[in-house]
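As structure tokens, the structure follows; a few thoughts come after it.
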2 protein chains.
Amino acid sequence: MDQVEIFKALSNKTRLQILGWLKEPELNFPEQPNADFENIGVCVGQIQLKSGLSQSTISEYLSILQRADLISSTRLGQWTYYKRNKEGLKKLSEIINTEL
Amino acid sequence: MDQVEIFKALSNKTRLQILGWLKEPELNFPEQPNADFENIGVCVGQIQLKSGLSQSTISEYLSILQRADLISSTRLGQWTYYKRNKEGLKKLSEIINTEL
DNA sequence: TTGGCATATCGGGAAAAGTCGATATACATT
DNA sequence: AATGTATATCGACTTTTCCCGATATGCCAA
């Protein structure tokens, strides 16, 4: 994954917020039946609702974050759940500490 | 400083390279008379030369990085020297570790 | 198998970023 | 004061990003 793409993914207010929300899903999203926040994540609809942006925009933003390895997704039935990707975030932290 | 602006500053290949070069100036730039790399930094002309981009572009890139608190500048005579800003980089690392 | 949701993808218009050459400014030397 | 050199700013053009509505796809229930 290109480093520039990681920073591009982070250079948007809404996308940064999404990552922040996913860090503490219990605080930022309503209770979810049949899907543990920690293991599975938060579904697209909830994230969209919270963001106030259109469905298509949020879907695209999530895929940008995923391509940058900052989040990962799980499909369950008709829902897609997204959660933080700890490895990707750790790698980013290392880039900053060792290369910049 | 807005977090988004920090990530925008980093979402460009050349600007990332500049930060990398400034991390180890002795390895990346020729000897400089009258200006210690550690204390004062590297002058704009050397950075431009190494980047291959135009003078105006590099001047602007350096000011983008400076506005994001990632580098700082010192004017000495007709030269402006830029160096890494450790505090800003540390703050960035903390943002990633605590907010994302 | 038809209809209804949830999500993804497509096409596009507006705004921002990338990058340049030309010009301005600031300082140093003669 | 005039010239030369280093850097900054301006104006313009091209490319990319933002964000939307419309449409497609995938899955489930009746």
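Numbered from 1 within each chain, the chains take letters A, B, ... in sequence-line order. Nothing here was measured: the structure is a model prediction, and the numbers come from that model.
Between dT7(D), dT7(C), dC20(D), one nucleotide has an atom nearer to the side chain of R75(A) than all others, and that is dT7(C). Checked against dC19(D), dT7(D), dT7(C), the side chain of C43(A) finds its nearest nucleotide in dT7(C). For V44(A), the side-chain atoms get nearest to dA8(C) when compared with the rest of dC10(D), dG21(D), dA8(C). Comparing dT9(C), dT7(D), dC19(D) against the side chain of W79(B) picks out dT7(D) as the nearest. Taking the side chain of Q55(A) as heavy atoms from C-beta on, and the options dG21(C), dT7(C), dC20(D), the nearest nucleotide is dT7(C). For Q78(B), counting side-chain heavy atoms from C-beta on, the closest listed nucleotide (dA6(D), dC19(D), dA8(D)) is dA6(D). Ranking dC20(D), dC20(C), dA8(D) by closeness to the L53(B) side chain, first place goes to dC20(C).
Y82(B) comes within 4.0 angstrom of sugar-phosphate atoms only, judged by non-hydrogen atoms across all strands, and of no base. L62(A) comes within 4.0 angstrom of no nucleic acid atom, judged by non-hydrogen atoms across all strands.
For the pair R15(A) and dC18(D), the criterion of a side-chain N or O lying under 4.0 Å from OP1 or OP2 is met. Neither OP1 nor OP2 of dA8(C) sits under 4.0 Å from any side-chain N or O of S63(A). OP1 or OP2 of dA8(C) sits under 4.0 Å from a side-chain N or O of S59(A). Put simply, T80(B) has no side-chain N or O that comes within less than 4.0 Å of OP1 or OP2 on dT7(D). Phosphate contact (OP1/OP2 of dC20(D), side-chain N/O of T57(A), threshold under 4.0 Å): present. Listed pair Y61(A) / dA8(C) fails the phosphate criterion, with no side-chain N or O lying under 4.0 Å from OP1 or OP2. Contact annotation: N12(A) reaches the phosphate of dC18(D) (side-chain N/O to OP1 or OP2, under 4.0 Å).
Between the side chains of Q17(B) and S51(B), no donor-acceptor pair of N or O atoms lies under 3.5 Å.
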**Asked** Hey, mind stepping through I96(B) and L10(A) against side chain to side chain contact (heavy atoms under 4.5 Å, CB included) and telling me if it holds?
**Response** CA-CA 10 Å; I96(B) 289 164; L10(A) 294 170; 5.6 Å; no
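Taking a cutoff of 4.0 Å between a charged side-chain nitrogen and a carboxylate oxygen, E94(A) and K91(A) do not qualify as a salt bridge. Under 4.0 Å is where a charged nitrogen must lie from a carboxylate oxygen, and between E87(A) and K90(A) no such pair does.
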